[in-house]
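The structure under discussion appears below in the form of C-alpha cells.
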Amino acid sequence: MDKRGAGRELARSAWDFFRDFRVHAGGDGLKAAILIMLGAGLEGVGLVLLVPLLDLVVGGDRGGWAAALAGRLPWRSAGDDPLARLLPLLACFALLVGLRAVVLWHRDVLLATLRIGFVEAQRTRLVARLVAAPWTRLSTLPHARVNHLLSSDIILTGACAHFMLQGATSLFLLLVQWGLACLFSVPLAAVTGALLAVATLALLPQLARSRRLGREVADANLHLATSGAQFLGGLKLALSQNMQQRFADEFNGTLGRLMGRQVALTREQTKAQLAFTTLASLAGAAAIMVGVWALDVPPAVLIVFVLVLARMSAPAAQLQQGAQQFANFLPSYEKIRALEAELAGAAPAAAAEIGAGGAFAGPQPIRFHQVSYRHPGGDRGVSGLDLTLEAGSFVGVTGASGAGKTTFADLLVGLTVPDTGTITVGDRTLAGAARRQWAAAIAYAPQDTFLFHDSIRANLAWANPSASEANMRAALGLVGASALVDRLDQGLDTVVGAQGGLLSGGERQRLALARALMREPPLLVLDESTGAIDIAGERALLAGLATLPWRPTIVLIAHRRESLMLCDRVLEFAEGRVVADRRMGTPAAQASAHRAR
Ligand SMILES: Nc1ncnc2c1ncn2[C@@H]1O[C@H](COP(=O)(O)OP(=O)(O)OP(=O)(O)O)[C@@H](O)[C@H]1O
C-alpha cells in the first residue's frame, strides 16, 4: 500500500476508534472534555502568575502586554515593599494549586473510569457477538484468535484509549501555552507555532509506519500465543519422540520473529521521538533568534517566552509519543472490529426469541425430513437424511471417520440448521425460537471434553444452577465418578485444572457426562464421549443411562462395537448418508419396548 493510502487508513481507523469511544462515553465525554480544558486553563493561569513573579524578581521594563498586566495587578499598588507584593502573589499560587489539584483529580478519575469502562464495553460487545453467532461460523474460528482478542487485544484497546485521552490533554495544554506565548509576543509565537507545525507534519508518515509495525507485532504475538497454548501438549509429544530440540527450535523461531518485530518497532519509535525533540528544540532556538534579531523582543519577555517554550516541550513530547503508541496499538482495535463485522453478517435470530413458545418437556419423536447440510466452504456434510428417532430410544451411530456422524449430531441438537429439509421434534419444527428452546433443553457431550477451570461442583452446576448436591451425587454415581470425588481431598469442591488437566481422560469424560445429566434432558447426545473410559466401566455407565427414570432419547456416536451393544438401534453412516439402520435385540431394546408400553 502506498504512503497516502496507509495514512488514509490510519485516519479512518483512528476516527472509528474516536467515534466508538465518544458513543461509549456519552454525556461523560463532554464532562471529560470540560475538565481537560479546565485543567489546561489552570495550567495557563499558573504561567500567567510568572509575570508578576518575574516583575518582582527581575524588575525593570518588560514592555508590551506583560508590563500592562503587571501594572494592572492589585499588588502593584501595594507600593514597592517586595513582601507586600509577594504575599498576595503566593496566596494566588496556593489557591490556584489547590483548585488545579481538585480539577485534575476529577479529570483523572473520570478519564480512568471511561477508559476502563470502554475496555469492558468492548469485551462485552465481542462476547455478545460470539454468543449470538451460529455454530457454523464459530466452528471455523481459530481458538487462539478468539482467546487473543478477548484478552491481549482488548487490553490494548484500553492502551489506545489511554493514549488518545492523554493526547487530548497534552493538546489542550499545548494550545493554552501557545495562546499564552501569543500574549507575550504574537510574531514570536506565530514563528514557533509554524515551525512546530512543520515538524509535526514531517513526522506524520511515521504514524502509519508505527501502525504497520504494530500490526506485525500483533500478528507475531498471536502466533506466539497459539504456540504457547499448545506448549505443554506439544512438548509431551516431542519428549516422547526425542524431538524436544526441534520443538524448542520451532518455539524459539516464533519468539525470535516477535522480538525482531518489536525491535524494529522500538527503533522506529525512538527515531521518531529523537527527530521530533530535535526539530522542536531547533524550532524553539530559531524562534528565539528571530525574536532577538528580527523582532527586537525585550529580554524579560524573551525570558518568559523561553519558560513557556520549556513548559510546552513536555506536552509536545507526550503528544508525539502518545500518537505513536496509539497508532501502534490501533491494530488490536481493528482486529476486534473485524471479527465483530464477520460475526454480525452471520448473526442468527435474536436471543429474545428464546422466550416465545413452550419449553420441550420430556422426550418426543425426532423426525428428519430429507435433511441435507454442507459445511461452508466445502462439499462435505450429510445429505438426504430421512429417519425418525422414537421417543426414549437408545440409538447408536457409527461409521468411518468423516462419514458425517458429528454433522448429524450437530443438526440433531440444533447447532446447525439444514440447508434443505426440516427437523421436527414432536409436532414442532426446529427453527427460530423452537430451535433455541430445544438447545436449552437437551444435553450434548461433544467429542472434545470441555471442563471449566473450576470445581467439580461449579462444572456440574453450570448445566443446571438449581441442581442440589443430592442431584450431583446421583449423576456422579450413575457415571461411575463417585469413587473419584470421594478420594479427592476437597470432594465436590476440588478444582479440576484448566480443561480438567488434573484428571485422567476417562475421569474427564465421566464428569462431562454427569454434567450432561444435570438438566434431565429429553435428548442426550454422546459424541464419542465415552471412548476414553475402560470397556467394563463404559458398559456399566451406558446400562445406567438406558434405565434413566426420565427416559431420554439417547444418541450414542461410537466406533467400538462394545459401546454399541446396549443400543436398541444402530445407524451406520458413510459419505454423509445412512447406509444401514439395524434394530438390535438387546436388553436395552427390551427395556425400551417395556417403557414404551
Ligand atoms: N467445519 C467444517 N468445515 C468444513 N468441513 C467440515 C467441517 N466439519 C466437518 N467437515 C467435513 O465434513 C465431513 C463430515 O464430518 P463429521 O465431523 O461429521 O465426521 P464424523 O463422521 O463425525 O468423523 P469422526 O468419526 O472422525 O469424528 C468430513 O469430511 C469433514 O472433513
Side-chain angles (χ1 to χ4, degrees), residues 12-33 108-166 168 214-215 218 221-222 225-226 229 325-326 328-356 415 433 435-436 439-440 450-454 458-459 461-463 465 498-499:
R12 198 177 310 128
S13 176
W15 173 248
D16 284 347
F17 184 88
F18 170 72
R19 218 177 30 192
D20 209 357
F21 189 86
R22 200 187 55 192
V23 170
H24 163 74
D28 280 347
L30 182 65
K31 218 159 112 185
D108 291 348
V109 169
L110 181 60
L111 294 189
T113 309
L114 285 177
R115 177 170 48 78
I116 294 166
F118 180 67
V119 172
E120 279 325 297
Q122 295 288 315
R123 203 193 306 271
T124 309
R125 191 169 68 186
L126 182 56
V127 169
R129 284 274 156 82
L130 283 164
V131 169
W135 177 245
T136 38
R137 184 68 198 87
L138 294 175
S139 65
T140 61
L141 293 176
H143 286 204
R145 181 183 172 200
V146 176
N147 286 347
H148 208 256
L149 285 176
L150 281 172
S151 49
S152 310
D153 286 319
I154 289 275
I155 290 170
L156 291 182
T157 60
C160 267
H162 167 77
F163 288 115
M164 184 185 74
L165 295 171
Q166 192 192 61
R215 178 169 281 274
N221 259 324
L222 173 59
T226 313
Q325 298 288 13
F326 177 79
N328 173 23
F329 294 135
L330 201 55
S332 288
Y333 170 75
E334 292 164 7
K335 281 166 187 273
I336 292 169
R337 296 315 304 265
L339 179 60
E340 283 178 359
E342 280 175 42
L343 296 176
E353 280 190 36
I354 283 178
L415 264 178
R435 192 163 68 88
R436 287 175 173 269
F450 177 81
L451 291 177
F452 293 98
H453 183 13
D454 208 331
N459 268 285
W462 184 76
Q499 291 283 359

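Keep in mind it's a predicted model, so treat the numbers as computed, not measured. Every heavy atom of this structure was used, including side-chain atoms; hydrogens, water molecules and symmetry mates were not.
Annotation: the span from Met164 atom CE to Leu111 atom CG amounts to 9.5 Å, rounded to 0.5 Å. Taking CG of Leu130 as the reference point, atom CG of Leu343 lies at 5.5 Å (rounded to 0.5 Å).
By the side-chain contact (heavy atoms from CB on, under 4.5 Å) test, Ala439 is found to be paired with no residue, residues two or more places apart in sequence or in another chain being considered. Scored by the side-chain contact (heavy atoms from CB on, under 4.5 Å) test, His148 finds Ser152, Asp153, Asn221, Leu222, Ala225 as partners (sequence neighbours excluded). Among residues two or more places apart in sequence or in another chain, the side-chain contact (heavy atoms from CB on, under 4.5 Å) test is passed with Ala461 by Met472. Tyr333 is linked by a ring-ring contact (aromatic ring centres under 6.0 Å, His included) to Phe17, counting only residues two or more places apart in sequence or in another chain. Residues satisfying the ring-ring contact (aromatic ring centres under 6.0 Å, His included) test with Trp135, not counting sequence neighbours, are none.
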Could you pull out all donor-acceptor pairs under 3.5 Å where a side-chain atom in residues 22-29 meets a protein atom, sequence neighbours excluded?
{"from": "His24", "atom 1": "NE2", "to": "Leu114", "atom 2": "O", "distance (Å)": "3.4"}
{"from": "His24", "atom 1": "NE2", "to": "Phe118", "atom 2": "N", "distance (Å)": "3.1"}

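The side-chain heavy atoms of Leu138 and Val146, taken from C-beta on, include no pair separated by under 4.5 Å. Residues Trp15 and Phe18 meet the side-chain proximity criterion, which asks for heavy atoms closer than 4.5 Å. Counting heavy atoms from C-beta outward, Leu141 and Arg137 have side chains that approach closer than 4.5 Å. Side-chain contact between Arg125 and Asp20 is present, with at least one heavy-atom pair separated by less than 4.5 Å. Side-chain contact between Arg215 and Leu330: absent, with no pair of heavy atoms (C-beta onward) separated by less than 4.5 Å.
With hydrogens and angles disregarded, no donor-acceptor distance shorter than 3.5 Å links the side chain of Asp454 to the backbone of Asn459.
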Item to check | Test salt bridge (Lys or Arg N to Asp or Glu O under 4.0 Å) applied to Glu342 and Arg129, step by step | outcome: CA-CA 10 Å; Glu342 280 175 42; Arg129 284 274 156 82; over 6 Å; no
Item to check | Check against salt bridge (Lys or Arg N to Asp or Glu O under 4.0 Å), Arg337 and Glu340 | outcome: CA-CA 5 Å; Arg337 296 315 304 265; Glu340 283 178 359; 3.0 Å; yes
Item to check | CA sep, side-chain torsions, deciding dist, call: Gln122, Thr157, side chain to side chain donor-acceptor pair (under 3.5 Å) | outcome: CA-CA 8 Å; Gln122 295 288 315; Thr157 60; 5.3 Å; no
Next on the checklist: Set out, in order, the CA-CA distance, both residues' side-chain angles and the distance that settles side-chain contact (heavy atoms from CB on, under 4.5 Å) for Asn328 and Phe163, then state yes or no.
Outcome noted: CA-CA 11 Å; Asn328 173 23; Phe163 288 115; over 6 Å; no
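Nearest heavy atom pair, residue Arg436 against residue Ala132, reads NH2-O, 4.3 Å. Considering all non-hydrogen atoms of both residues, Arg123 and Leu150 come closest at NH1-O, 2.6 Å. Minimum interatomic distance between Pro331 and Gly214 (heavy atoms only, all atoms of both residues): CG-C, 3.9 Å.
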